[in-house]
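Both ligands and their constituent atoms are indexed starting at 1 by order of listing.
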Amino acid sequence: MQYGYFDDQRREFVITRPDTPYPWINYLGSEDFFSLVSCTSGGYSFYKDARLLRLTRYRYNNVPTDAGGHYFYINDGGCVWNPGWQPVKTPLDRYECRVGMGYMSISSEKNGLKARQTVLVPRGKTAEVTRLELENASDAPKQVSVYSFVEFCLWDAQDDSTNFQRNYALAEFEFENGGAVQYHKSEYRERRNHYAVYAVNTDIDGFDTDRETFVGLYNGFDRPNAVFEDQPRCSQAHGWAPIGSHCIRRTLQPGERVSFIFVLGYCENPEDKKFIAPGVINKEPAHQLLSSFQTDAQFEAAMNELKTYWDGLLGRFTVQSGNDKLDRQVNIWNQYQCMVTFNMSRSASYFESGIGRGMGFRDCSQDLLGFVHLIPERARQRILDIASTQFPDGSAYHQYQPLTKRGNMAVGSGFNDDPLWLIYGVNAYIKETGDFGILDEMVDFDNDPSLAQPLLEHLRRSFRYIAEHKGPHGLPLIGRADWNDCLNLNCFSEHPGESFQTTGPSEGPVAESVFIAGMYVGVADDYADLLERKGDKAEADFVRAEKKAMTGAVEQFGWDGEWFLRAYDAYSHKVGSCENEEGKIYIEPQGMCVMAGIGLDNGMAQKAMNATEKYLLFQYGVVLLWPAYSKYHLELGEISSYPQGFKENGSVFCHNNPWIMIAQTKLGHGDKAFDLYTRIAPAWVEDQKLHRVEPYVYAQTVNGKEAPLPGEARNSWLTGTAAWNFTAISQDILGIKPALDGLQIDPCLPASLPEIRVHRTFRDHDYNILIHNNAGGEKGKIRLEVNGKALEGQIVPAASGKGETMVEAWID
Ligand code: BGC
Ligand code: NOJ
């Protein structure tokens with residue numbers, strides 16, 4: 001069943017009915033101000049940090065779902081409706097929501113009144129700006145009242161939803177222009193130097209800022225008294241629940257059009273300029289902000305600027321493959337989602353409350369793979385931020401808070417894959433940019449400037465951390481968990497409510513991870529190359545020797561006969577072995593070890609892929625493990641806490657499917673790699689109802705074959721799936737791979753793609769690449785010409801400066 005379709009020309013997904021199987025959302029903002037907005041106008045805004053500086057309130061797990069948002073109510077002669085359908089849910093005569101790159105536009109119609117609500121966060125501004133256009137399409141005059149509505153949050157979203165004894169007494173406001181400009185200044189009198197402003201660019205007929213007065217104490221958002229009685233109360237909130245609302249009344253002649261621009265902004269003042277008179281806030285920053293959004297022309301300019309920004313970003317990697325789905329996936333939605341993961345990490349979505357997790361060390365490092373080609377300078381800063389939360393011994397805080405950029409004490413460290421992801425991220429960055437200078441940047445350890453060391457030293461300690469934390473089989477100790485947060489081999493949690501991630505010792509001396517072993521081997525060559533370029537031959541030799549030893553350890557102790565083992569538990573029993581009754585085979589080591597090149601020369605890699613296909617692959621992708629655990633295993637932890645087929649216990653955990661795609665390309669199997677790609681890519685989703693969450697972005701999981709409803713997805717948007725799929729398709733299948741000295745052309749294509757064209761901006765230079773695939777679905781031999789001249793090898797040397805290079809490749 002369908003709820004929408006792609007409009008590739010406009011880079012939009014068009015939702016055709018509001019009652020989607022789950023709220024389908026979009027993200028606005030790409031710098032400091034962000035909004036989550038659903039196709040029915042639900043959602044909220046925050047400045048920089050979804051937990052600490054939240055402008056508007058949102059209640060997760062609400063009934064009905066997605067209640068609360070930035071709404072417009074229209075009262076047209078007693079008929080009350082919302083352009084976004086919710087919350088009143090008056091049936092609309094027409095509804096369409098266009099999900100665009102950083103904007104959302106809802107058009108609807110009721111009784112001959114047309115409304116279009118377009119919302120964006122303009123570039124360079126700390127505000128959400130909405131234009132509401134109304135048109136009387138009937139043949140009689142209409143008297144229309146519009147009520148805007150936002151509900152303010154008292155900034156700290158965690159405290160806001162728990163500390164009512166204090167919070168009900170806090171709210172304070174100031175007003176200008178008869179209430180058209182509303183200043184929410186709770187806590188500004190004391191330690192805050194910021195307030196929110198909610199304004200409209202027109203004279204108004206009333207306003208409200210007290211929720212109970214506007215809505216009615218026993219009413220829901222679907223029945224606000226002020227709107228239904230068409231009578232604003234001009235209420236001023238003193239404590240209780242602060243809202244912002246404007247009432248605008250207009251008479252529209254047949255064919256007449258009006259538009260209003262609403263601004264919800266975040267403003268900050270220097271400490272010594274907070275007030276202009278006792279108790280009167282300094283409104284200068286708000287005035288400046290509002291002056292940018294007084295006219296339609298200004299609004300349109302902001303929209304155009306946003307479009308230009310996305311044209312620039314998405315113009316850096318484009319493919320013309322002859323396959324529409326692939327083109328839209330690569331050129332639009334996958335890269336768009338990569339940018340969202342850059343902004344959000346795992347902090348705020350409709351599944352992440354914004355108060356739980358901040359930025360993840362491993363998550364951000366991997367996300368980088370998907371956005372480094374888009375925003376290399378910001379990727380550089382991200383690397384430095386992440387690295388400064390590393391501990392002096394090479395381990396790392398698992399998470400940090402975006403506002404403070406400090407490591408999160410509550411979760412701490414002990415996830416033993418974390419340090420290696422930093423090396424992955426830095427490798428990717430240097431290959432993309434050629435910026436070896438980053439390795440000399442002084443970076444704090446543990447956010448302490450007195451402990452600062454060059455970034456290269458951070459990498460050295462990362463690698464050494466694994467070298468020095470090995471278990472009885474010479475494999476890396478797993479710590480609290482590796483990539484799989486739910487494989488908690490040292491946890492042994494027996495009490496409900498304990499966190500699987502922080503209970504038990506941060507590391508046991510026995511439990512080992514074959515997955516980390518694969519990562520260690522996989523990162524070694526690239527890292528050793530960097531060391532050599534920096535003149536540290538001794539450390540490079542050490543790294544290569546470690547690689548050799550670890551490869552040996554995996555082949556000897558990490559091989560189960562038909563596939564790679566997953567781990568050894570705290571008793572040194574095998575995990576992910578045919579000897580186990582459940583959880584016999586796991587996806588992660590099959591992907592990671594083959595990606596690292598282990599077993600390519602001795603048949604193990606091919607066997608591991610055969611087993612993956614036989615036991616893990618099904619219609620919707622490759623499940624994480626099989627058979628799923630049917631009971632709780634104290635020695636395995638959270639993984640066995642989920643019902644079969646969900647989350648880490650045997651769903652298609654989309655993040656790791658690209659590892660199998662890449663592994664297949666290592667073996668030269670283009671058809672198999674691409675087949676898996678299409679099984680999980682949103683552009684190929686057929687049944688939008690079954691899939692349930694947004695069909696334009698990847699979700700974290702799709703229910704596995706052992707779940708009651710295979711194919712249903714959840715946890716959309718914030719997942720490493722975005723970055724890894726982009727890596728797999730762009731670098732390993734289409735084969736355009738940044739390397740230290742240039743762009744490596746190394747495709748492994750399916751037979752269904754006989755000819756592709758790629759445009760790639762690499763270090764400010766444009767490469768136009770035409771690839772003829774005469775090899776079918778298995779990797780062939782490649783021959784290359786650069787600007788018409790034959791090239792030795794596969795690396796097109798990095799051009800100096802701007803310009804265009806033509807590359808043509810034949811694969812036979
Ligand atoms: C989830 C994991 C997640 C972890 C983060 C677990 O409950 O299943 O996917 O990574 O929490 O703490
Ligand atoms: C989600 C987490 O954000 C990520 O870091 C982890 O690797 C996966 N879950 C798997 O557990």
Side-chain angles (χ1 to χ4, degrees), residues 337 340-342 344-349 351-370 386 396-400 408 410-422 424-425 478-489 491 493 496-503 506 513 515-516 518-519 566-567 583 586-589 591-592 622-625 628-629 632 636-659 698-704 707 713-724:
Q337 188 176 3
V340 172
T341 63
F342 163 71
M344 299 290 133
S345 188
R346 305 295 170 269
S347 67
S349 73
F351 300 89
E352 300 282 3
S353 64
I355 58 181
R357 297 200 268 168
M359 315 288 276
F361 191 96
R362 114 167 35 103
D363 294 326
C364 289
S365 305
Q366 287 173 86
D367 292 345
L368 203 120
L369 307 176
I386 301 170
Y397 280 106
H398 195 47
Q399 291 163 11
Y400 71 97
N408 177 342
V411 184
S413 70
F415 298 78
N416 281 358
D417 61 321
D418 274 337
L420 291 178
W421 288 120
L422 181 64
Y424 269 80
I478 196 167
R480 294 199 178 284
D482 59 23
W483 173 88
N484 191 328
D485 274 323
C486 298
L487 192 60
N488 316 116
L489 304 182
C491 173
S493 174
E498 285 173 349
S499 158
F500 287 105
Q501 273 81 42
T502 56
T503 301
S506 64
S513 163
F515 171 82
I516 303 181
M519 281 185 81
R566 178 61 176 86
Y586 280 65
I587 186 175
E588 303 102 304
M592 200 40 87
V622 178
V623 295
L624 193 144
L625 56 80
Y629 297 104
Y632 180 49
L636 300 180
E638 185 171 358
I639 195 158
S640 58
S641 73
Y642 292 109
Q644 292 106 298
F646 291 110
K647 291 281 277 180
E648 280 84 345
N649 191 17
S651 76
V652 177
F653 212 97
C654 300
H655 184 142
N656 52 34
N657 274 232
W659 300 343
Y698 287 101
Q700 183 193 52
T701 71
V702 174
N703 294 354
R714 54 192 75 189
N715 299 5
S716 50
W717 284 100
L718 304 184
T719 159
T721 311
W724 273 108

Residues that Ser413 engages under side-chain contact (heavy atoms from CB on, under 4.5 Å), provided they are two or more places apart = Phe391, Ser395

Euclidean distance, Trp421 CH2 relative to Asp367 CG, rounded to 0.5 Å = 11.0 Å

Roughly how far, to the nearest 0.5 Å, is the NE2 atom of His398 from the CG atom of Asp418?
-> 5.5 Å

Any salt bridge between Asp482 and Arg566, counting N to O under 4.0 Å?
-> yes

Check whether any side-chain N or O of Gln700 sits under 3.5 Å from a backbone N or O of His655 as a donor-acceptor pair, and report yes or no.
-> no

Atoms of ligand 1, numbered as shown, that sit under 4.0 Å from any heavy atom of Lys647 = 1 (C), 2 (C), 8 (O), 9 (O)

Where is the nearest protein heavy atom to atom 11 (O) of ligand 1: which residue, which atom, and how far?
-> Gln501 OE1, 4.0 Å

What is the nearest protein non-hydrogen atom to atom 5 (C) of ligand 1, stated with its residue, atom name and distance?
-> Arg357 NH1, 3.6 Å

Nearest-contact summary for atom 6 (C) of ligand 1 - protein heavy atom, Å | Glu638 OE2, 3.2 Å

Step-by-step side-chain contact (heavy atoms from CB on, under 4.5 Å) determination, Tyr629 to Ile639 | CA-CA 8 Å; Tyr629 297 104; Ile639 195 158; 4.1 Å; yes

Side chain to side chain, Phe351 and Leu718, heavy atoms closer than 4.5 Å = no

Looking only at distance, does Gln399 have an N or O less than 3.5 Å from an N or O of ligand 1?
-> no

Tell me, which protein residue and heavy-atom name are nearest atom 9 (O) of ligand 1, and how many Å apart are they?
-> Glu648 OE2, 2.7 Å

Please identify which atoms of ligand 1 are closer than 4.0 Å to at least one heavy atom of Tyr642.
-> 1 (C), 6 (C), 7 (O), 8 (O)

Of all the atoms in ligand 1, which lie at a distance below 4.0 Å from a heavy atom belonging to Gln700?
-> 9 (O)

Please check if the side chain of Thr701 supplies one atom and the backbone of Lys647 the other of a donor-acceptor pair under 3.5 Å.
-> no

Worked verdict on Glu648 versus Glu638 for side-chain contact (heavy atoms from CB on, under 4.5 Å) | CA-CA 8 Å; Glu648 280 84 345; Glu638 185 171 358; 5.8 Å; no

Measuring from Asn649:CG to Leu624:CG, what's the distance to the nearest 0.5 Å?
-> 8.5 Å

Below 6.0 angstrom between ring centroids: does that apply to Phe653 and Trp483?
-> yes

Identify, chain by chain and in numerical order, each protein residue with a heavy atom under 4.0 Å from an atom of ligand 2.
-> Arg346, Arg357, Arg362, Asp363, Trp483, Asn484, Asp485, Glu648, Phe653, Gln700

If you count the atoms of ligand 1 from 1 in the order shown, which ones are under 4.0 Å from a heavy atom of Asp485?
-> 3 (C), 4 (C), 5 (C), 10 (O)

Judged by non-hydrogen atoms, does Arg346 sit under 4.0 Å from ligand 1?
-> no

